[in-house]
There are 2 protein chains.
Amino acid sequence: MVAMKSGSGNETRPRGRPRAFDRDEALDAAMRLFWRRGYDATSISALTEAMGLTPPQLYAAFGDKRRLFEEAVGKYLAETGAFAAAALERPTAREAVEALLRDAARELTAPGQPPGCFCVLGAVNCGPESAGVEEDLRRHRAASEAAIRTRIETGLGVGELPAGTDPAALAKFYTGVFQGMSFQARDGASRSDLERVAELAMSAWPG
Amino acid sequence: MVAMKSGSGNETRPRGRPRAFDRDEALDAAMRLFWRRGYDATSISALTEAMGLTPPQLYAAFGDKRRLFEEAVGKYLAETGAFAAAALERPTAREAVEALLRDAARELTAPGQPPGCFCVLGAVNCGPESAGVEEDLRRHRAASEAAIRTRIETGLGVGELPAGTDPAALAKFYTGVFQGMSFQARDGASRSDLERVAELAMSAWPG
DNA sequence: CCATATTCGTAGTGATCACTACGTAAATGC
DNA sequence: GCATTTACGTAGTGATCACTACGAATATGG
């Protein structure tokens, strides 16, 4: 992979001294460390070492620890986490949820990246001073559950599911299964372990 | 509940100056704080405040932070966590797992105590220096999964389940559901939310 | 009363935390 | 060349971390 550093085009260069590192590479290293250890347990010194930066470089480029984390979350959702939104676009609600769980079994145990979902595990057990970070990820999880519920409601609306099906309960169940799978991935579960979990979870699908 | 402080009987008293606090009450306060915030995010100063002790009192009575945590885990498993072992003693494997999840829906959201399972949430995202604590709880979780698997194997052995049922896969599924429920409890799920999750999970039971 | 044993309260220890002040280096605009 | 702008490296900041040294206090055993 030949690296062509940022914007070699004819855009006007910024005014001052150019940055001596690749901002996106540094952000990627930060994301992976936050992902593996969680917000609170990831110290600035661990970050600077993983990112190959000095503390002033980190602060100048990313603001502070919290904003760096938020950027890392955004990068995760846009890259690794994209499979989830893609799965929900399948033609039927059942296929959508099934794809979500099957793809999750693969993604949550993918080699070369931390096990489990960053959005689930990245900010558990934060101290009182960083409770806001925990709350931010909680909102992301709530949004994911809402997206699943909306997908199920759509399927119910076009008659894919038995009348009387409770989309909110179903969405909470599959959200819980996904979060359980994340936890089990961090506890060492393999891809095939999680695929069996996904298969059993789908056998609870109504109808 | 009239409190009768420890051992008023005719046992010989210890030699030196008596302790000025109730050790079990202090341990209970520590357990609840660890349970709510997790190992790393619970500082000694937060513990001493919650337990009503000075640091030297805490260290003299409990050793160090890690041993205090281990004692808190033991107390949790013996008290709050006892419902799980009790559920597995039901006459059939299905009743056992169903009771486990139904009782979990109640216990994980019980008023007056932190939401979720201490054994699941108490040591997530520990830093490198306290990774051993995380590993200790991981072993407890593995033991719980093994207990569920054994219960299912017993049921399979007496013909409760269809031949060809995979006890390990089933145990991992229900363990994952339980862990997901713990996570959702901390995210604000209600008892009835979790009861619906439990009911859906049971609809995946083979046969 | 005295020796022994254990806990008490006061007041800190060095290490690490997130974060930054400051002077220098390297780019652009004119 | 020279002002301006931005990033650089060095070297720290006060706060909090888990943990403890030390002498006084309070119990038992004789």
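These numbers come from a predicted model, not from an experiment. Only heavy atoms go into these numbers, but all of them, side chains included; no hydrogens, no water, no symmetry mates. Within every chain, numbering begins at 1; the chains are lettered A, B, ... in the order of the sequence lines, protein sequences first and strands thereafter.
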Closest-nucleotide ordering on DNA chain D, the 5'-leading residue of B:P56 and B:G16: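 Per heavy-atom nearest nucleotide, the more 5' residue is B:P56.
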
Sugar-phosphate, base or nothing in reach of [X], heavy atoms under 4.0 Å:
| X | value |
| --- | --- |
| B:P55 | base |
| A:A60 | nothing |
| B:T42 | sugar-phosphate |
| A:T48 | nothing |

Pair A:F69-A:F118, ring pair (Phe, Tyr, Trp, His ring centres under 6.0 Å): steps then yes or no: CA-CA 11 Å; A:F69 183 81; A:F118 183 23; 5.5 Å; yes

So does [X] get a side-chain nitrogen or oxygen closer than 4.0 Å to the phosphate oxygens (OP1/OP2) of [N]?
| X | N | value |
| --- | --- | --- |
| B:T54 | C:dC8 | no |
| A:S45 | C:dT16 | no |
| A:R15 | D:dT4 | no |
| A:Q57 | D:dA7 | no |
| B:Y59 | D:dC19 | yes |

Pairwise 5' ranking along DNA chain C for B:E129 and B:F21, keeping only the more 5' one: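 The residue mapped nearer the 5' terminus is B:F21.
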
Validation row, ring centre A:W205 to ring centre A:F173 under 6.0 Å: no

Residue B:R17, side-chain heavy atoms: nucleotide from D:dT26, C:dA18, C:dA26 that is nearest: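 It is D:dT26.
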
Audit row: B:E79, B:D28, side-chain contact (heavy atoms from CB on, under 4.5 Å) steps and yes/no: CA-CA 11 Å; B:E79 297 177 0; B:D28 197 74; 4.2 Å; yes

